[in-house]
Amino acid sequence: MRRTAYKLAGLAFVVTGLVGAVLPLLPSTIFFILAAAMFARSSPELEARILAHPTIGPQVIAWRDHGVIPPRAKLLAVGGMAAGYAVFVVLGEPAGLTAGLVAAAILACAAYVLSRPSRPQA
């Protein structure tokens, strides 16, 4: 039963990653990283397919093995966070405290992304 739950979660993450590949503000790589983690516990064949994918595989492997986020991915991630926050502020017109709490959360996430290595350590 646990394997089935992991496999279903992995499939859900793959679908979300595919949606993120076409929607501008939804990331995709993180969902493929999560899918690979779920498949590692449920379906080595599906995990191998993600890792062997020419576009997604190298990013998932770099994260898994070294915690690496490439510079371009960092730029897109932080840019997406900034754009998402701008949309939130303009369309949501949040109160000062809410806007500040959301800004703090986004800044913390951006700081984490920017603190990850850009290349594997030698």
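Counting from 1, the numbers follow the sequence of the chain as shown.
- Evaluation of the side-chain hydrogen bond (donor to acceptor under 3.5 Å, both in side chains) test over residues 72-84, restricted to residues two or more places apart or in two chains, returns Lys74-Ser118.
- Screening residues 78-90 for side-chain hydrogen bond (donor to acceptor under 3.5 Å, both in side chains), with sequence neighbours left out, gives no hits.
- For the side-chain hydrogen bond (donor to acceptor under 3.5 Å, both in side chains) test, no residue two or more places apart in sequence or in another chain qualifies with Arg3.
- For the atom pair CD1 of Ile69 and CD1 of Ile33, the computed distance is 7.5 Å after rounding to the nearest 0.5 Å.
- Taking OG1 from Thr29 and CG from Leu34, the interatomic distance works out to 11.0 Å, rounded to the nearest 0.5 Å.
- Across every non-hydrogen atom of Gly17 and Ser28, the tightest pair is O-CB, 3.2 Å.
- In terms of the side chain to side chain contact (heavy atoms under 4.5 Å, CB included) criterion, residue partners of Leu51 (sequence neighbours excluded) are, by chain and number, Glu47, Val60, Ile61, Arg64.
- Checked against salt bridge (charged side-chain N to carboxylate O under 4.0 Å, His left out), Arg116 has no partners two or more places apart in sequence or in another chain.
- Residues Phe88 and Ala99 share a closest heavy-atom pair of CE2-CA, 4.2 Å.
- Under the 4.5 Å side-chain heavy-atom criterion for ILVMFWY residues, no single connected hydrophobic cluster contains both Leu107 and Met81.
- Placement of Leu11 and Phe32 within a single hydrophobic cluster is found when ILVMFWY residues are connected by side-chain heavy-atom separations under 4.5 Å, directly or transitively.
- Screening residues 90-111 for salt bridge (charged side-chain N to carboxylate O under 4.0 Å, His left out) gives no qualifying pairs among residues at least two apart or on separate chains.
- Under a hydrophobic clustering in which Ile, Leu, Val, Met, Phe, Trp and Tyr are joined whenever their side-chain heavy atoms come within less than 4.5 Å, directly or via other members, Ile30 and Val19 fall into the same cluster.
- The hydrophobic clustering, which links ILVMFWY residues whose side-chain heavy atoms are closer than 4.5 Å, places Val22 and Val15 apart.
- Remark: Pro117 pairs with Val68, Gln121 by the side chain to side chain contact (heavy atoms under 4.5 Å, CB included) rule, at least two apart or across chains.
- Counting only residues at least two apart or in different chains, side-chain hydrogen bond (donor to acceptor under 3.5 Å, both in side chains) contacts with residues 36-46 comprise Ser43-Glu45.
- Partners of Ala35 by side chain to side chain contact (heavy atoms under 4.5 Å, CB included), not counting sequence neighbours, listed by chain and number: Phe13, Val14, Phe39, Ile50.
- Under a hydrophobic clustering in which Ile, Leu, Val, Met, Phe, Trp and Tyr are joined whenever their side-chain heavy atoms come within less than 4.5 Å, directly or via other members, Leu101 and Val87 fall into different clusters.
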